[in-house]
Amino acid sequence: MALSGFEGFEKRLELHFFGYDPKNVGLGLRLLDFETLDEQILQAVQCTVVSAVANHYFDAYVLSESSLFVYPTKIIIKTCGTTQLLKSVAPLLRHASLLGLTLTSCRYTRGNFIFPAAQPFPHDTFQNEVVYLEDSLPDSLCYRKASVMPSKTPSHSWHVFSASTEATSYPLNGDVMYTIEICMTELDRDLARSFFQHPGDGKNGDTAGKEMTEITGIGEIIPGALICDFAFDPCGYSMNGIDGDRHSTIHVTPEDGFSYASYECVGSVYDCDDIVRVLKRVFKVFRPATMSVSTTCVSHDVWTLVAGALVPLGMKCRSCAVDEFPAAGNVVYQTFTARRNK
């Protein structure tokens, strides 16, 4: 818990590995049992699992502070509040090594904290985060870069650290994938009320979460996705979506004065029209006054569609920053504010 409220802005860590062991039948990191994940990795971060779902491709966990996705050779941890996300790196690398997996790339991203003074080391400054990562990663990840991508909106900037064994990335199976990370503040007050539980209604987190998913329209953002949702008491909401081998996730801190929501998804550049529909649906669920969109992809095909989706909804693009990172490709960071905000 932050000093003046709960910190909604998440820290996000993505690790990619390489390795082949026929005895594991391609399961890789999915062989990590629940006790290992919860007691040795998430405990170091200071969070725990509250709900989970899986399919043929990956496992998705809703955490007490955001989400965890475990693929055979990729793991993504996203945590909010005053969690110490980077303390997961050492145990993750140790357990991956026991499975015969070798780290090939690391990407860490976050926005501007609402309550930065409440963050513990190493998250008290981006410089400390970078130093901590540099010290935690093996020397084989020799291509490294850290940058703070600015904007004209004081409350928003994008912090990126990337490290890889290769200077550039190569599409898998000929497909070019993108990751979209959206951060929204100053949510519409009426819409934000949907993420508060009613005192004494007797509903648990699973039941209340499903109700929030339905009444807010979140379930329609990616129709057909398998959704694992959870509502927190007295307020707050998280969900993970599973659609084949693609994940999506939403986290909401609805309190007035520091309201925040995030949305993340992955997709293929060959289905670019999907991101336009997704952006519009996400916006309509929250109607934020301020919004940032980070697009990570080796192609330029996706980020150019973002403004076209949001401007007709009453948002104005205030800034756009572009940078290139090892293995990650291009990161494009755009900020938007409602036209009523000067």
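Both backbone and side-chain heavy atoms feed into the values below; hydrogens, waters and symmetry mates do not.
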Point to revise | Residues clustering with F69 (ILVMFWY side chains joined when closer than 4.5 Å, directly or via others) | key: V53, Y57, F58, Y71, I76, L226, I242
Study note, to complete from the structure: Between the CZ atom in F283 and the CG atom in D188, the distance rounded to the nearest 0.5 Å is 9.0 Å
Review point. Same hydrophobic cluster for I218 and M212, using side-chain heavy-atom links shorter than 4.5 Å among ILVMFWY?
Key: yes
Check your understanding: Do the ring centers of F195 and F286 come within less than 6.0 Å of each other?
Key -> yes
Practice item. Please tell me if the side chains of C106 and L141 come closer than 4.5 Å, counting only heavy atoms from C-beta onward. Key: yes
Review point. How about F18 and T165: do any of their side-chain heavy atoms sit closer than 4.5 Å?
Key: no
Exercise for review: Please check if the side chain of Q119 supplies one atom and the backbone of G81 the other of a donor-acceptor pair under 3.5 Å.
Suggested key: yes
Practice item. In sequence, state the C-alpha distance, the side-chain angles, and the governing distance for L99 and L32, and then conclude on side chain to side chain contact (heavy atoms under 4.5 Å, CB included). Key: CA-CA 9 Å; L99 295 172; L32 294 173; 3.9 Å; yes
Check your understanding: Side-chain contact, heavy-atom cut-off 4.5 Å: L27 with P72?
Key -> no
Study note, to complete from the structure: In this structure, OG of S140 is separated from CD of E166 (nearest 0.5 Å) by 10.5 Å
Exercise for review: Write down the atom of N240, the atom of S67, and the distance for their closest heavy-atom approach.
Suggested key: OD1-OG, 2.6 Å
Revision key, fill the gap. Nearest heavy-atom approach of V298 to G329 is CG1-CA, 4.1 Å
Point to revise | Interatomic spacing from NE2 in H198 to CZ in R193 - rounded to 0.5 Å | key: 11.5 Å
Exercise for review: With sequence neighbours excluded, tell me which residues meet salt bridge (Lys or Arg N to Asp or Glu O under 4.0 Å) with D274.
Suggested key: R277
**Study point:** For the student: nearest non-hydrogen atoms of R281 and P223, plus distance
**Key:** NH1-CD, 3.6 Å
Revision key, fill the gap. The reported gap from OG in S259 to CD in E186 (rounded to nearest 0.5 angstrom) is 7.0 Å
**Study point:** Student check: side-chain heavy atoms of Q334 and L310 closer than 4.5 Å
**Key:** no
Exercise for review: State plainly whether one hydrophobic cluster holds both F161 and V331, where clusters connect Ile, Leu, Val, Met, Phe, Trp and Tyr through side-chain heavy atoms under 4.5 angstrom apart.
Suggested key: no
Practice item. List the steps and the verdict of side chain to side chain contact (heavy atoms under 4.5 Å, CB included) for Y178 and S299. Key: CA-CA 8 Å; Y178 64 80; S299 166; over 6 Å; no
Check your understanding: Residues two or more places apart in sequence or in another chain: which of them pass side chain to side chain donor-acceptor pair (under 3.5 Å) with K145?
Key -> D323
Exercise for review: I would like to know whether H247 and T249 meet side chain to side chain donor-acceptor pair (under 3.5 Å); could you show each step before the answer?
Suggested key: CA-CA 7 Å; H247 73 269; T249 186; over 6 Å; no
Revision key, fill the gap. For K87 and P91, the nearest pair of non-hydrogen atoms, with its separation, is O-CD, 3.3 Å
Point to revise | Heavy atoms from other residues, nucleotides or ligands near CZ of F196 exceed 12 (cutoff 6.0 Å) | key: yes
Practice item. Please check if the side chain of R144 supplies one atom and the backbone of E134 the other of a donor-acceptor pair under 3.5 Å. Key: yes
Review point. Can you tell me if T213 uses its side chain to pair, donor with acceptor, with the backbone of G209 under 3.5 Å?
Key: yes
Revision key, fill the gap. Scanning both residues in full, the closest heavy-atom pair of E10 with S66 reads CG-OG, 3.5 Å
**Study point:** Residue pair Y333, S157: steps toward the side chain to side chain donor-acceptor pair (under 3.5 Å) verdict
**Key:** CA-CA 8 Å; Y333 181 63; S157 63; 5.9 Å; no
Practice item. Rounded to the nearest 0.5 Å, what's the gap from CD on E220 to CD on E214? Could you check? Key: 9.0 Å
Point to revise | Stepwise side chain to side chain contact (heavy atoms under 4.5 Å, CB included) test for H123 and L85 | key: CA-CA 8 Å; H123 300 289; L85 175 60; 4.1 Å; yes
Point to revise | Positive for side chain to side chain contact (heavy atoms under 4.5 Å, CB included) with T109, one of H159, E181, M149 | key: E181
Review point. Is any side-chain heavy atom of S194 closer than 4.5 Å to a side-chain heavy atom of Y237?
Key: no
**Study point:** Contact check, side chains of K78 and S238, non-hydrogen atoms, under 4.5 Å
**Key:** no
Check your understanding: Given the rule that I, L, V, M, F, W and Y join up when any side-chain heavy atoms are under 4.5 Å apart, are V322 and V176 in one cluster?
Key -> no
**Study point:** N/O donor-acceptor pair under 3.5 Å between S164 side chain and P326 backbone
**Key:** no
Exercise for review: Check step by step if salt bridge (Lys or Arg N to Asp or Glu O under 4.0 Å) holds for K11 and E129.
Suggested key: CA-CA 11 Å; K11 317 164 184 85; E129 291 173 318; over 6 Å; no
Practice item. Apply the test ring-ring contact (aromatic ring centres under 6.0 Å, His included) to residues F115 and F258: give CA-CA distance (whole Å), side-chain angles for both, the deciding distance (0.1 Å), then the verdict. Key: CA-CA 10 Å; F115 308 109; F258 48 92; 5.7 Å; yes
Review point. Passes side chain to side chain contact (heavy atoms under 4.5 Å, CB included), R12 versus R107? Steps please.
Key: CA-CA 8 Å; R12 182 185 187 275; R107 186 165 82 249; 3.7 Å; yes
Practice item. To the nearest 0.5 angstrom, please state how far the CG atom of L137 sits from the OG atom of S105. Key: 10.0 Å
Revision key, fill the gap. The complete set of salt bridge (Lys or Arg N to Asp or Glu O under 4.0 Å) pairs with one or both residues in residues 198-212, sequence neighbours excluded, reads K203-E211, K210-D229
Practice item. Only pairs at least two apart or in different chains count here, so list each side chain to side chain donor-acceptor pair (under 3.5 Å) that has a residue in residues 31-46. Key: D33-T36, D38-T48, Q40-H95, Q46-Q84
Check your understanding: Does S319 have any side chain to side chain donor-acceptor pair (under 3.5 Å) partners at least two apart in sequence or in another chain, and if so, which?
Key -> T335
Review point. So does R189 have more than 12 non-hydrogen atoms from other groups sitting under 6.0 Å from CZ?
Key: no
Practice item. Using the rule that two of Ile, Leu, Val, Met, Phe, Trp, Tyr join whenever any of their side-chain heavy atoms come within less than 4.5 Å, decide whether V130 and V160 are in one cluster. Key: no
Review point. Counting only heavy atoms not in K74, do more than 12 fall under 6.0 Å of its NZ?
Key: yes
Practice item. Return yes if some donor-acceptor pair links the side-chain N/O of T207 with the main-chain N/O of N204 below 3.5 Å, else return no. Key: no
Review point. Does L279 belong to the same Ile/Leu/Val/Met/Phe/Trp/Tyr cluster as V311, with side-chain heavy atoms less than 4.5 Å apart forming each link?
Key: no
Point to revise | Side-chain heavy-atom pair V285, L191 within 4.5 angstrom cut-off | key: no
Check your understanding: Are V302 and I275 side-chain neighbours, meaning at least one heavy-atom pair lies under 4.5 Å?
Key -> yes
Revision key, fill the gap. Between A54 and R30, the two heavy atoms sitting closest are CB-NH2, 4.1 Å
